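These values consider heavy atoms only, across backbone and side chains, with no hydrogens, waters or symmetry-generated copies. The structure displayed is predicted, hence computed values, not measured ones.
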Amino acid sequence: MTGIVYKSTGSWYTVKSESGDFVDCRIKGKFRMKGIKSTNPIAVGDHVDYELEESNNQITGVINAIHDRKNYIVRKSVNLSKQTHIIASNIDIVFLLVTINNPPTTTSFIDRFLVTAEAYGIEAVLVFNKIDTFDEAALDEQLFLQYTYEKIGYQCLRVSAQERKGLDKLIDLMKGKVSMFSGHSGVGKSTLVNAIEPSLNLKTKQISDSHSQGQHTTTFAEMFDLSFGAQIIDTPGIRGFGVVDMEKAEISDYFPEFFKLKDQCKFNNCLHKEEPKCAVKEALENEEISWSRYNSYLKILEGDEENYRTDIYDEDRKNSDKSRS
């Protein structure tokens, strides 16, 4: 039998069959022995083959094959730095939820996520959430970030789940597709999914006052069928986003505004650092490229993986302010 993985809880997987039935499945041990570096050999969104078995009057399944993935989103495993964690697979479009203060989303986090989406060929849209809470300073920063990313070519949406603003455009982009919502804990992923599809009634929590950071409400990635002909994958909040499996020479290719200028650099293998006659650095000096984007590029290039999860707010907020001024 063939089906799609709708939920992963580590050792068990909820699979939806082609006939629409859900069955709890486990995997054969060999999947863990194939040398897959990922902490999770099977991810939500995977298409799998499985066999049914009966034990103690309960019918469960055993997954025995994984179909080739169209794409997937991967990040460094939180606890095992040399391993990766596949967040979800076979995604048509990913929505990165961005909040300005509650909690703050850094440009470094946004850029690491966008680089990964570019590398795996997934369309990414930035969703600025909680616009109903903005004061003048927050609105100024949000519009500045929107200008920065729209200039590169990324689509940006402004939404409020609480006041149901901007949801129609978001729903139009989701129709007929498998979408993924991602972002820090507390950016309002589950609240937004509930606003789009109230019958799901996903759990939500308030922001922690002490650190202005969200509390994890989604423990495992899970896919849901929506009433308007779409699927959504809701994911756990991500604290930091480590970029994996990229050669230094290819990183700039995943910054679209850098890639456009690549053939104008003097050297074919230009890393856009100290090389002479670098078109990217010239564009940077002429303020045609955002300093915050260049700063993110340097951090990824230098392999700043020790600090990608620590102090994720302060430094990048300051750099963003410098870029604006």
TODO: With Cys156 as reference, evaluate Val98, Val125, Leu126 under the side-chain contact (heavy atoms from CB on, under 4.5 Å) test and give the passing residue.
DONE: Leu126
Identify every side-chain donor-acceptor pair in residues 253-268 under 3.5 Å, counting partners at least two apart or on other chains, and give the distances.
| unit_1 | atom_1 | unit_2 | atom_2 | d |
| --- | --- | --- | --- | --- |
| Asp253 | OD1 | Lys262 | NZ | 2.9 |
| Asp253 | OD2 | Lys262 | NZ | 3.3 |
| Tyr254 | OH | Glu250 | OE1 | 2.7 |
| Glu257 | OE1 | Arg293 | NH2 | 3.0 |
| Glu257 | OE2 | Arg293 | NE | 2.7 |
| Glu257 | OE2 | Arg293 | NH2 | 3.4 |

TODO: Considering non-hydrogen atoms only, spot the tightest contact between Ala195 and Arg164 and give its length.
DONE: O-NH1, 2.5 Å
Open item on the list: Between Asn286 (side chain only) and Glu282 (backbone N and O only), is there a donor and an acceptor less than 3.5 Å apart?
Closed with: yes
Task: Under 3.5 Å: donor-acceptor pair, side chain of Glu275, backbone of Lys273 - done: yes
Task: Asp234 side chain reached by Lys189 side chain, heavy atoms, under 4.5 Å - done: yes
Open item on the list: Could you check whether any side-chain heavy atom of Val127 comes within less than 4.5 Å of a side-chain heavy atom of Val187, counting everything from C-beta outward?
Closed with: no
Open item on the list: Does any part of the side chain of Leu226, heavy atoms only, come nearer than 4.5 Å to the side chain of Leu200, both counted from C-beta?
Closed with: yes
Task: Ser292 to Ser290 - nearest heavy-atom pair and separation - done: OG-OG, 2.8 Å
TODO: Check the hydrophobic clustering (I, L, V, M, F, W, Y; side-chain heavy atoms under 4.5 Å; chains of links allowed) and say if Tyr147 and Ile152 are grouped together.
DONE: no
Task: Glu136, CD: over 12 other non-hydrogen atoms inside 6.0 angstrom - done: no
Task: Distance-only side-chain donor-acceptor flag, Ser19 / Ser17, under 3.5 Å - done: yes
Task: For the student: nearest non-hydrogen atoms of Ser89 and Gly45, plus distance - done: OG-C, 3.2 Å
Task: Expected output: side-chain Asp49 to main-chain Asn64 donor-acceptor under 3.5 Å - done: no
Task: Euclidean distance, Thr105 OG1 relative to Leu96 CG, rounded to 0.5 Å - done: 7.0 Å
Open item on the list: Please check this pair: side chain of Tyr294 against backbone of His272, looking for a donor-acceptor N/O pair closer than 3.5 Å.
Closed with: yes
Open item on the list: Within the 4.5 Å heavy-atom criterion, are Phe128 and Gln146 side-chain neighbours or not?
Closed with: yes
TODO: Check whether any side-chain heavy atom of Arg158 lies under 4.5 Å from a side-chain heavy atom of Leu143, and answer yes or no.
DONE: yes
Open item on the list: Please list all pairs meeting ring pair (Phe, Tyr, Trp, His ring centres under 6.0 Å) that have one or both residues in residues 160-181, counting only residues at least two apart or in different chains.
Closed with: Phe95-Phe181
- [ ] Spell out, yes or no, whether Val5 and Val62 are grouped together once hydrophobic residues are joined by side-chain heavy atoms under 4.5 Å, including indirect joins.
- [x] no
Open item on the list: Show the nearest heavy-atom pair for residues Ser160 and Ile131, with the distance to one decimal.
Closed with: CB-CG1, 3.9 Å
Task: Ser179 and Gln231: CA distance, side-chain angles, deciding distance, side chain to side chain donor-acceptor pair (under 3.5 Å) verdict - done: CA-CA 6 Å; Ser179 306; Gln231 282 84 37; over 6 Å; no
- [ ] Report the C-alpha distance between Asn129 and Thr99 in whole Å, list the side-chain angles of each, state the deciding distance to 0.1 Å, and finish with yes or no for side chain to side chain donor-acceptor pair (under 3.5 Å).
- [x] CA-CA 6 Å; Asn129 195 20; Thr99 44; over 6 Å; no
TODO: Indicate yes or no: at least one non-hydrogen side-chain atom of Leu192 is less than 4.5 angstrom from one of Leu167.
DONE: yes
Task: Spacing of Asp24 atom CG and Lys7 atom NZ [to the nearest 0.5 Å] - done: 9.5 Å
TODO: Quick one: closest heavy-atom pair of Tyr13 and Ser8, and the distance?
DONE: CE2-OG, 3.5 Å
Task: Residues forming a ring pair (Phe, Tyr, Trp, His ring centres under 6.0 Å) with Tyr72, sequence neighbours excluded - done: Tyr120
TODO: Check whether any side-chain N or O of Asp135 sits under 3.5 Å from a backbone N or O of Ala138 as a donor-acceptor pair, and report yes or no.
DONE: yes
Task: Student check: side-chain heavy atoms of Arg112 and Ile300 closer than 4.5 Å - done: yes
Open item on the list: Suppose we screen for side chain to side chain contact (heavy atoms under 4.5 Å, CB included). Which residues come up paired with Phe22, at least two apart in sequence or across chains?
Closed with: Tyr6, Thr14, Lys16
Open item on the list: Please determine whether side chain to side chain contact (heavy atoms under 4.5 Å, CB included) holds for the pair Ile66 and Ile42, giving the CA-CA distance in whole Å, both sets of side-chain angles, and the decisive distance to 0.1 Å.
Closed with: CA-CA 8 Å; Ile66 308 170; Ile42 296 177; 3.6 Å; yes
- [ ] Using a strict 4.0 Å threshold on nitrogen-to-oxygen distance, state whether Arg26 and Glu53 make a salt bridge.
- [x] yes
Task: Leu284-Leu298 co-clustered via ILVMFWY side chain contacts under 4.5 Å - done: yes
Open item on the list: What's the separation between atom CD1 in Ile251 and atom CD in Glu118, rounded to the nearest 0.5 Å?
Closed with: 14.0 Å
Task: Residues which pass side chain to side chain contact (heavy atoms under 4.5 Å, CB included) with Val23, listed by chain and number, not counting sequence neighbours - done: Val15, Cys25, Tyr50, Leu52
Task: Shortest non-hydrogen contact between Ile91 and Val178, atoms and distance - done: CG2-O, 3.7 Å
Task: Salt-bridge contact Arg69-Asp46 (side-chain N to carboxylate O under 4.0 Å) - done: yes
When the side chains of residues 168-176 are checked against the rest of the protein, which donor-acceptor pairs come out under 3.5 Å, sequence neighbours left out?
none

- [ ] Find the distance between CD1 (Ile100) and CD (Gln142) and round it off to the nearest 0.5 Å.
- [x] 5.5 Å
- [ ] Side-chain contact test, heavy atoms from C-beta onward, threshold under 4.5 Å: evaluate it for Leu114 versus Tyr149 and give yes or no.
- [x] yes
- [ ] Report the distance from atom CD1 of Ile73 to atom CG of Asn90, rounding to the nearest 0.5 Å.
- [x] 12.0 Å
Open item on the list: Any side-chain to backbone donor/acceptor pair from Gln162 onto Asp132? Under 3.5 Å, distance only.
Closed with: no
